[in-house]
Q: 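My structure is below; once you've seen it, I'll send some questions.
All values below come from the heavy atoms of this structure, side chains included, with hydrogens, waters and symmetry mates left out. Throughout, residue positions are numbered sequentially from 1 according to the sequence presented.
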Amino acid sequence: MKNKIFLCAISNIESGTCNEDCKFCTQSVKYKADIQRYKQKNISTIVEEAIRARENKAVGFCLVTAGKGLDDKRLDFVCRAAVEVKKLNLGMKIIACNGTATKEQLLELKKAGVDNYNHNLETSREFYKEICTTHTWDERYETCQNVKEVGLNLVCGGIFGLGESREDRISMLKSIASLNPMNVPINFFHPNEALPFTNNPLSRQEAFELIKLTREMVPDAHKIMVAGGREVMFQEDEYKIFEYGANSFVIGDYLTTKGKSPKEDIENLEALGYEIAFQCDKKQN
């Protein structure tokens with residue numbers, strides 16, 4: 001029997017409004033990438049997307065905002081969206097991904113029905129200044145600690161293919177492991193001509209080996225998820241990610257790029273003999 005595969009869907013509920021200068025991110029206003037930009041998605045649309053995600057067998061639904069972190073207005077918006085999705089009783093875990101956050105803000109999200117909080121370290125502490133100058137790696141790590149302290153499940157990963165060294169990759173994974181996250185999303189840089197980084201130097205085999213390394217270095221994570229860049233990085237070999245330790249991926253569209261048709265992914269997984277989880281394990285989220 002092959003591994004059970006967990007699917008997660010993303011809702012980009014606030015797009016392209018970020019004032020930070022992360023060199024890998026098209027959401028930054030600094031780089032003027034050709035993407036959709038809007039302040040707040042209509043909550044009725046978010047609800048429709050949640051229903052569609054569940055129909056596509058997602059067990060997680062992630063509410064993602066643009067910007068460094070939570071402020072009062074953004075927090076209120078995410079909470080209202082979470083409450084409406086929770087009312088549906090769809091059987092999905094609600095994940096919030098809203099940047100840096102205080103314990104008080106995270107507690108409000110928890111009250112609204114958020115189950116997991118996703119905040120990625122992105123890269124090593126040493127390399128971070130090469131990809132972002134408007135906030136620090138330490139702020140990211142502190143937010144992850146806050147997530148754990150308020151009793152939310154932590155989702156924490158990073159991005160490969162920004163020119164970081166192998167030592168940086170190992171350093172990042174050690175830091176992630178120190179946080180003992182429930183799930184670890186792995187992203188592979190998807191180049192965009194508007195960004196300072198214009199290519200991803202990783203080979204496909206190197207990318208597979210990084211999935212394996214993540215599984216080895218964060219062995220207690222329930223899910224190793226391949227998120228952004230899956231189709232671009234792996235192309236016709238994309239389902240081989242499960243042979244290297246992944247057991248989850250993002251289904252449907254990403255934040256500012258199109259993904260593969262969920263129907264196609266589901267049909268391909270089933271044809272390959274994988275079981276698609278329809279609910280999270282009772283002890284896991």
Q: If Ile, Leu, Val, Met, Phe, Trp and Tyr residues are connected whenever their side-chain heavy atoms lie under 4.5 Å apart, and connections chain through other members, are Ile43 and Val83 in the same group?
A: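 Hydrophobic grouping puts Ile43 apart from Val83.
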Q: Is the terminal nitrogen or CZ of Lys223 (NZ for Lys, CZ for Arg) located under 6.0 angstrom from the six-membered ring centre of Phe6 and within 45° of that ring's axis?
A: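 Yes, Lys223 lies over the aromatic ring of Phe6.
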Q: Salt-bridge test for Lys73 and Asp76: reply yes if a basic N is under 4.0 Å from a carboxylate O, no otherwise.
A: no
Q: With side chains defined as the heavy atoms from C-beta onward, is the minimum distance between Ile159 and Asn120 less than 4.5 Å?
A: no
Q: Is it true that atom NZ of Lys41 has more than 12 heavy atoms of other residues, nucleotides or ligands lying nearer than 6.0 Å?
A: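 Counting neighbours around NZ of Lys41, more than 12 heavy atoms of other residues, nucleotides or ligands fall under 6.0 Å, so yes.
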Q: Below 4.0 angstrom, N of the basic side chain to O of the carboxylate: do Glu270 and Lys57 qualify?
A: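 Salt bridge between Glu270 and Lys57, a charged N being under 4.0 Å from a carboxylate O: yes.
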Q: Other residues, nucleotides and ligands only: do more than 12 of their heavy atoms fall within 6.0 Å of NZ on Lys30?
A: no
Q: Evaluate Asn19 against Thr134 for side chain to side chain contact (heavy atoms under 4.5 Å, CB included), listing each step before the verdict.
A: CA-CA 9 Å; Asn19 291 312; Thr134 47; over 6 Å; no
Q: Identify whether the distance between the nearest side-chain nitrogen and carboxylate oxygen of Glu267 and Lys263 falls below 4.0 Å.
A: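 Looking at Lys263 together with Glu267, the answer is yes, because their closest N to O distance falls below 4.0 Å.
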Q: In this structure, would Ile224 and Leu202 fall into the same cluster of hydrophobic residues linked by side-chain contacts under 4.5 Å?
A: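 Yes; tracing contacts between hydrophobic side chains, which count when under 4.5 Å, links both residues.
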Q: Which label fits Phe242 and Tyr239: parallel for a plane angle under 30°, tilted from 30 to 60°, or perpendicular past 60°?
A: parallel
Q: Please list, chain by chain and in numerical order, all residues satisfying side chain to side chain contact (heavy atoms under 4.5 Å, CB included) with Ala50, sequence neighbours excluded.
A: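 Ala50: side chain to side chain contact (heavy atoms under 4.5 Å, CB included) contacts with Phe61, Val85, Leu88, Leu90, Met92.
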Q: Got a sec: does the CG of Asp138 have more than 12 other heavy atoms crowding it under 6.0 Å?
A: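 Yes.
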Q: Which heavy atom in Ala81 sits nearest to a heavy atom in Ile46, and how many Å separate them?
A: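 Of all heavy-atom pairs spanning Ala81 and Ile46, the closest is CB-CD1, 4.0 Å.
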Q: Restricting to pairs with a member in residues 13-25, which pass salt bridge (charged side-chain N to carboxylate O under 4.0 Å, His left out), not counting sequence neighbours?
A: Glu14-Arg74
Q: To check you understand the geometry: which heavy-atom pair defines the closest contact between Asp168 and Glu126, and what is its length?
A: OD1-CB, 4.1 Å
Q: Keeping to residues at least two apart or across chains, list the side chain to side chain donor-acceptor pair (under 3.5 Å) pairs with something in residues 193-203.
A: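 For residues 193-203: Ser203-Glu206.
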Q: Would you indicate whether Arg125, at its atom CZ, is surrounded by more than 12 heavy atoms from other residues, nucleotides or ligands within a distance under 6.0 Å?
A: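 Not buried by this count: 12 neighbours or fewer within 6.0 Å.
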Q: Looking at every heavy atom in both Ile131 and Leu162, which two are closest together, and how far apart are they?
A: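 For Ile131 versus Leu162, the nearest heavy atoms are CG2-CD1, 4.0 Å.
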Q: Is the shortest distance from a Lys or Arg side-chain nitrogen in Glu108 or Lys111 to a carboxylate oxygen in the other one below 4.0 Å?
A: yes
Q: Does CG in Asp34 sit with more than 12 non-hydrogen atoms of other residues, nucleotides or ligands closer than 6.0 Å?
A: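 No, CG of Asp34 has 12 or fewer neighbouring heavy atoms, counting only those of other groups under 6.0 Å.
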Q: Please give me the minimum heavy-atom distance between Asn116 and Leu152, naming the atom from each residue.
A: N-CD2, 4.5 Å
Q: Side chains of Arg80 and Gln40: does their closest heavy-atom pair fall under 4.5 Å?
A: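 In contact.
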Q: The test is side chain to side chain contact (heavy atoms under 4.5 Å, CB included); show your working for Phe188 and Arg230 and say whether it passes.
A: CA-CA 7 Å; Phe188 294 94; Arg230 170 171 63 98; over 6 Å; no
Q: Assess whether side-chain hydrogen bond (donor to acceptor under 3.5 Å, both in side chains) is satisfied between Ser178 and Tyr141, documenting all intermediate values.
A: CA-CA 10 Å; Ser178 74; Tyr141 193 87; 2.7 Å; yes
Q: Can you tell me how far apart CD1 (Ile211) and CD (Glu243) are? Round to the nearest 0.5 Å.
A: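 If I round to the nearest 0.5 Å, the distance is 10.5 Å.
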Q: Kindly give the heavy-atom pair with the smallest separation between His222 and Asn183, and that separation in Å.
A: CB-OD1, 3.8 Å
